[in-house]
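Per chain, numbering begins at 1; letters A, B, ... match sequence-line order.
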Amino acid sequence: MPELPEVETTLRGIKPWICGHIVQQVQIHNRHLRWPVPDSLAKILTGQRLQELRRRGKYLLFDFPPGTMLVHLGMSGSLRLTESTAPLRKHDHLQWTFENGSSLRLEDPRRFGCVLFTTDPFSHPLLKSLGPEPFSSTFNGNWLYQQAARRRVAVKILIMDHRVVTGVGNIYACEALFNAGIDPRRPCNRISEQRYQRLAMVICSTLEQAIRAGGTTLRDFHQADGRPGYFTQLLQVYGRNQQACLCCEQPIRQVVIGQRSSYYCPGCQK
DNA sequence: CTCCGATCCTGATGGC
DNA sequence: TGCCATCAGGATCGGA
């Protein structure tokens, strides 16, 4: 679930409460995530001050003096600020308690997320091949056009490839392509540079709008304070199979692209 | 390189 | 009710 807007929403929600504070306790209730949570995590982090909290793509980077804890929320993960004594929920796998009384919990029913530790995050295998951030100056229509030139996959596959741009998942790929007026099935090497200019801009504006709304909640995601994301009400095509397009009133279609459900408007997207 | 399918896991939903 | 198949927001891996 969590794509860039949900991860950014989480970052903004938790950062003021924990950044600059010292880890008092790390409790690992279940270490069997996508990869095993390192046993050494509690020992390394306890007593350390969280110096910085950043996002790279869909990863959260918690910087401590000894190194960086990487957190990825996978399909169903979320981080929530809680009372440290609140009863554990079924899929609460980790809890970090800080000296100021703040407590952070990772809940992840499907356990596709991960919590890892590294002394050198940007050379870590999971981060080193990530492409540009959508809001960075290196991400633009020219970059997309160049990336598309040597491939033949559908444009939706292209923009969900994190080597091309980080943070765009299934929902926002569908929404951005609708906003750009591009058919998601179109081969990526058969789209003009001008249309990629528009697509690059629209990817940014769609993600920005979703961040302002606090992300999208379909099932598991919630903001750090427990509220849902309100972009769900602003979705133009995602999950709206057979419903009238909000722009031209033609029925939205659902197709499978790369084994993922995809939604588009045949009237607005060519 | 690029591309495709299998894979990890739980839970919600709908058909019978 | 129960059982079963199908489907989910991600992304890595292995092999063609």
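dG11(B) atom C1' lies 8 Å from atom NE2 of His91(A), rounded to whole Å. Taking atom NZ of Lys128(A) as the reference point, atom P of dT12(C) lies 12 Å away to the nearest angstrom. Straight-line distance from the CG atom of Leu73(A) to the P atom of dA11(C): 10 Å, rounded to whole Å.
Not a single donor-acceptor pair, N or O on each side, falls under 3.5 Å between the base of dC9(B) and the side chain of Arg111(A).
Distances were taken from every side-chain heavy atom of Gln259(A) (C-beta onward) to each of dC3(B), dC7(C), dG5(B); the shortest belongs to dG5(B). Out of dA8(C), dG10(C), dG5(B), the shortest distance to the side chain of Tyr263(A) is found at dA8(C). Side-chain atoms of Val153(A) lie closest to dC4(B) of the nucleotides dG10(C), dC4(B), dG11(B). Closest contact between the side chain of Gln254(A) and the listed nucleotides dA8(C), dA11(C), dA12(B) involves dA8(C). Closest contact between the side chain of Met75(A) and the listed nucleotides dG10(C), dC3(B), dC7(C) involves dG10(C). The side chain of Trp35(A) sits closest to dT12(C) out of dT12(C), dC9(B), dG11(B). Considering only side-chain atoms of Asn170(A), the nucleotide from dC3(B), dG11(B), dG10(C) that sits closest is dG10(C). Comparing dC3(B), dT12(C), dC4(B) by their nearest atom to the side chain of Leu126(A) picks out dT12(C). Listed nucleotides dC8(B), dA8(C), dG11(B) differ in distance to Arg110(A); the shortest reach to its side chain belongs to dA8(C).
Between Asp92(A) and Asn30(A) there is no side-chain heavy-atom pair separated by less than 4.5 Å. Side-chain contact between Tyr264(A) and Asp183(A): present, with at least one pair of heavy atoms (C-beta onward) separated by less than 4.5 Å.
Residue contacts for Phe231(A): at a heavy-atom cut-off of 4.0 Å it reaches no nucleic acid atom on any strand shown. Contact annotation for Glu107(A): no contact, since no heavy-atom pair falls under 4.0 Å across all strands. Using a 4.0 Å heavy-atom cutoff across all strands shown, Arg34(A) reaches at least one base atom of the nucleic acid. If you check every strand for non-hydrogen atoms under 4.0 Å, His72(A) touches sugar and phosphate atoms only.
The structure places NE2 of His21(A) at 12.5 Å from CD of Gln24(A), a figure rounded to the nearest 0.5 Å.
Ring geometry for Tyr172(A) against Phe231(A) counts as tilted: the plane angle lies between 30° and 60°, on a 0 to 90° scale.
Taking 4.0 angstrom as the limit, Lys90(A) places a side-chain polar atom (N or O) nearer than this to OP1 or OP2 of dG11(B).
The side-chain ring of Phe112(A) is not stacked on the base of dA11(C), judged by centre separation under 5.5 angstrom and plane angle under 30 degrees.
Using atom P as the reference point in both dC7(C) and dG5(B), the two lie 15 Å apart (nearest Å).
When each of Leu50(A), Val115(A), Thr118(A), Val37(A) is tested with Met69(A) by the rule side chain to side chain contact (heavy atoms under 4.5 Å, CB included), just one qualifies, namely Val115(A). The residue from His91(A), His93(A), Lys90(A), Arg89(A) that alone fulfils the side chain to side chain donor-acceptor pair (under 3.5 Å) condition with Glu107(A) is Arg89(A).
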Parsed dot-bracket for DNA chain C after applying the Watson-Crick and G-U rules with both distances under 3.5 Å and | for other-strand partners is .|||||||.|||||||
